[in-house]
Number of protein chains: 2
Amino acid sequence: MRKRVTLKDVAAALGVHVSTVSRALDPKTRHLITPEVAEQVVAASERLGYRPNAAAYSLKTNRTRTIGVIVPDITNPVFPPIFRGADDALMRHSYIAILGNTDSSLRREAAIVDTLLARGVEGLIMASVTANDSVVGRLAQEGLPMVTVNRRVDDAGIASVAHDEREGVRRILTHLASLGHRRIAAIAGPQDLSTGRSRHQAFLEYRAAMGLAEDDGLVVFAGGFTDAEGERCAEELLARDRGFTALVCANDLLAIGAIAALRRRRLSCPEDVSVTGYNDMPLADRLFPPLTTIRVEQYRAGHAAADLLIEMLAERSGSAEPAPARHIVLPVEMVIRGSTQALPAVSVARGRAKA
Amino acid sequence: MRKRVTLKDVAAALGVHVSTVSRALDPKTRHLITPEVAEQVVAASERLGYRPNAAAYSLKTNRTRTIGVIVPDITNPVFPPIFRGADDALMRHSYIAILGNTDSSLRREAAIVDTLLARGVEGLIMASVTANDSVVGRLAQEGLPMVTVNRRVDDAGIASVAHDEREGVRRILTHLASLGHRRIAAIAGPQDLSTGRSRHQAFLEYRAAMGLAEDDGLVVFAGGFTDAEGERCAEELLARDRGFTALVCANDLLAIGAIAALRRRRLSCPEDVSVTGYNDMPLADRLFPPLTTIRVEQYRAGHAAADLLIEMLAERSGSAEPAPARHIVLPVEMVIRGSTQALPAVSVARGRAKA
DNA sequence: CTGTTAGCGCGTTCAC
DNA sequence: GTGAACGCGCTAACAG
């Protein structure tokens with residue numbers, strides 16, 4: 001590999017001093033240099049193929065222009081759009097992102113954060129946090145700028161970008177109720193994740209407010225947001241035999257698993273039971289049946305999180321006292337597809353008679 | 001944020017010299033230090049929370065322990081497993097991966113490679129290359145270690161990890177032929193990508209070898225590996241009205257689009273036409289109908305690519321002359337699901353009569 | 001406007 | 001076995 005060309009090389013080629021080259025190449029200091037010289041420098045550095053050495057820059061300025069993005073598993077279709085959004089936003093500010101997968105293990109999370117810290121990340125975007133995440137707490141105390149995406153931590157001192165979970169659940173229930181459903185089951189997500197918890201709480205709340213059947217036996221909790229858990233939970237619901245005409249799942253993967261479990265029991269969706277998901281992940285419209293779900297803009301969330309973090313970074317170098325943490329809430333919308341349908345007239349009638 | 005702890009801090013705390021600390025912390029030089037002192041150093045550095053400064057290390061040693069991984073778009077479900085495999089392998093060797101998205105634009109690719117080079121990546125894993133990629137060529141000439149995954153470049157001098165495309169196509173055609181299909185259409189992938197090209201060539205070859213209908217009108221070329229292109233191509237095939245009972249698609253997304261297009265025309269899969277995909281991407285088993293496809297182990301490919309690259313890095317620092325580029329070919333297997341079925345007896349009979 | 005100087009944190013020669 | 005000195009490539013303060 002050809003040796004790297006440095007500032008010194010460019011300077012030597014032009015017979016000027018290194019700092020002249022340095023200044024000519026930095027837009028913020030170029031005005032200090034005679035225009036012609038500056039031009040020559042730019043030309044020469046291009047000709048020689050000069051690339052600034054990021055390590056030297058970091059060592060000198062203590063800035064790495066690097067942000068860590070931590071997800072449970074990039075293989076889970078929810079996270080690529082988040083990362084992509086963050087990466088695009090960061091790139092625009094000439095930052096780069098380093099992606100870490102925790103596999104939802106706190107040990108791995110700590111290990112990854114360690115190597116990222118050694119690499120000198122200036123901040124962290126965390127899509128993997130549990131509601132009370134010890135690692136996050138520790139880092140926050142050390143003053144490392146952080147923003148959580150999609151999920152939140154209980155500590156309101158940590159900035160976040162999330163979606164309006166309550167509104168999403170409200171729309172799902174409103175939709176199902178308008179189709180005549182009264183006995184609505186639910187597969188709730190893990191309760192140590194803010195998304196699982198707030199969706200479940202909104203479910204309980206709106207179920208009561210809308211006068212739907214309030215039966216604890218209609219809810220089962222998933223141990224993770226996976227299709228396998230969706231299958232397991234749906235089977236448990238069916239085994240309980242409480243009778244339900246609709247099933248609200250805390251995310252799309254759970255819904256996919258649930259539909260598979262129904263089918264195995266010769267129940268079809270939506271004819272026998274309407275099923276809803278949450279997230280509108282890629283391909284949700286290509287499944288059978290196409291999933292009625294809540295669309296959350298993951299790309300936008302990642303983008304917003306990165307923008308927020310960069311803002312925080314800029315502020316920090318400005319004033320001394322930290323501003324209070326910002327919390328951005330993104331709107332959601334419902335997409336109605338084939339997995340939900342109206343109850344047959346007779347059932348609707350019966351439902352109404354009861355009410 | 002608390003100021004970073006450096007070697008100097010640790011040395012000061014113990015009243016020894018910086019270089020003593022440096023040596024005690026490096027496994028390779030620890031033997032030069034009195035065991036007790038070494039222990040003290042280790043203890044103190046842990047207590048103070050010392051983290052080696054990666055920038056300083058890089059500047060000194062000219063090694064960044066950083067690898068760039070370049071994909072077209074991490075949002076495409078094919079790539080997360082590849083990245084994950086690479087990342088896991090790299091981490092094990094205390095390397096880190098930096099992910100870049102090209103959006104299949106050569107301009108973006110060049111820009112990303114530039115910033116990665118500035119960051120001092122020691123090598124590149126490229127999942128995004130076109131068959132004759134100018135950027136790759138340039139880098140190869142400069143001697144930057146590189147390996148392509150999944151796809152290849154024409155230049156055999158570039159190491160690669162890929163799958164046995166010919167075998168995959170052979171199995172698909174054998175499977176369809178055994179079900180009685182004789183007129184088999186194809187949606188071929190982009191011909192500037194090695195995967196698209198080799199799958200197409202294998203298709204032509206085995207179609208002839210197996211005595212299947214050889215009709216140029218049965219093949220249409222997609223401009224990209226997307227479901228939208230799948231729809232477009234399927235519509236074109238139907239418009240041509242050549243009559244076919246099976247449709248071989250160059251990847252799963254194309255197949256998904258094709259099935260949607262068929263359905264819109266009131267044709268159902270597999271009753272009216274059997275459809276096959278390629279890749280066995282996540283959720284391929286959850287679609288309707290579940291996709292018969294070729295399983296390629298993307299995670300393993302990414303892992304192998306990273307291992308290979310690290311080997312190359314180690315060799316390079318050893319001997320002077322470069323070893324010839326290695327090319328790893330991973331086996332594939334077929335997974336038969338609901339999207340293919342046997343022709344009704346009558347059609348099979350007619351097919352045989354013709355032969 | 002430009003050159004000089006210093007030092008970021010670390011590994012690696014040398015001496016001792 | 002340990003300390004001293006140097007320099008990786010760069011930016012920033014200070015001179016001129």
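Below, chains carry the letters A, B, ... as their sequence lines are ordered, and counting in each starts from 1.
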**Q** Using every non-hydrogen atom in the two residues, find where Arg152(A) and Ser160(A) come nearest and quote the distance to one decimal.
**A**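 Here Arg152(A) and Ser160(A) meet closest at NE-OG, 3.5 Å.
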**Q** Reading DNA chain C 5' to 3', which nucleotide is the first, and which the last, to come under 4.0 Å of any heavy atom in chain A?
**A**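 Nucleotide range in contact with chain A: dC1(C) to dG9(C).
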**Q** Name every residue in residues 33-40 of chain B that has at least one heavy atom under 4.0 Å from any atom of DNA chain C, in order of residue number, or write none if there are no such residues.
**A**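 Within residues 33-40 of chain B, no residue comes under 4.0 Å of DNA chain C.
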**Q** Which pair of non-hydrogen atoms, one from Ile158(B) and one from Ala140(B), has the smallest distance, and what is that distance?
**A**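 Looks like CD1-CB, 3.5 Å.
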**Q** Are any of the side-chain nitrogens in Arg51(B) or Asp114(A) under 4.0 Å away from the carboxylate oxygens of its partner?
**A**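 Here Arg51(B) pairs with Asp114(A) in a salt bridge, since their nearest N and O are under 4.0 Å apart.
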**Q** Can you give me the closest heavy-atom contact between Val10(A) and Ala44(A), atom names plus distance?
**A**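 It is CG1-CB, 4.2 Å.
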**Q** Does anyone know the first and last nucleotide of DNA chain D in reach of chain B, 5' to 3', at under 4.0 angstrom to a heavy atom?
**A**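 Answer, 5' to 3': dG1(D) to dG9(D).
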**Q** For Arg63(B), does the CZ atom have more than 12 heavy-atom neighbours from other residues, nucleotides or ligands under 6.0 Å away?
**A**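 Enclosed: over 12 neighbouring heavy atoms sit under 6.0 Å from CZ of Arg63(B).
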**Q** Restricting to salt bridge (charged side-chain N to carboxylate O under 4.0 Å, His left out), what partner residues turn up for Arg30(B), sequence neighbours left out?
**A**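 Arg30(B): no salt bridge (charged side-chain N to carboxylate O under 4.0 Å, His left out) contacts found.
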**Q** Quick test of your reading of the model: are Glu315(A) and Arg326(A) salt-bridged, counting only N-O distances below 4.0 Å?
**A**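 Salt bridge flag = yes for Arg326(A) with Glu315(A).
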**Q** Arg119(A): which residues meet the salt bridge (charged side-chain N to carboxylate O under 4.0 Å, His left out) condition with it, sequence neighbours left out?
**A**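 Partners of Arg119(A) by the salt bridge (charged side-chain N to carboxylate O under 4.0 Å, His left out) criterion come out as none, since no residue qualifies.
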**Q** Between the two end axes of the helix from dC1(C)-dG16(D) to dC16(C)-dG1(D), each built from 5 base pairs, what angle do you get to the nearest 10°?
**A**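 One end axis against the other gives 40°.
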**Q** Is it the case that over 12 heavy atoms from other parts of the model lie below 6.0 angstrom from the CG atom of Asn62(A)?
**A**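 No, CG of Asn62(A) has 12 or fewer neighbouring heavy atoms, counting only those of other groups under 6.0 Å.
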**Q** Using a strict 4.0 Å threshold on nitrogen-to-oxygen distance, state whether Asp103(A) and Arg84(B) make a salt bridge.
**A**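 Yes, this pair counts.
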**Q** Among Ile112(A), Leu106(A), Thr130(A), find the residue that satisfies the side chain to side chain contact (heavy atoms under 4.5 Å, CB included) test when tested with Val135(A).
**A**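 Running side chain to side chain contact (heavy atoms under 4.5 Å, CB included) over Ile112(A), Leu106(A), Thr130(A) with Val135(A) returns exactly one hit, Leu106(A).
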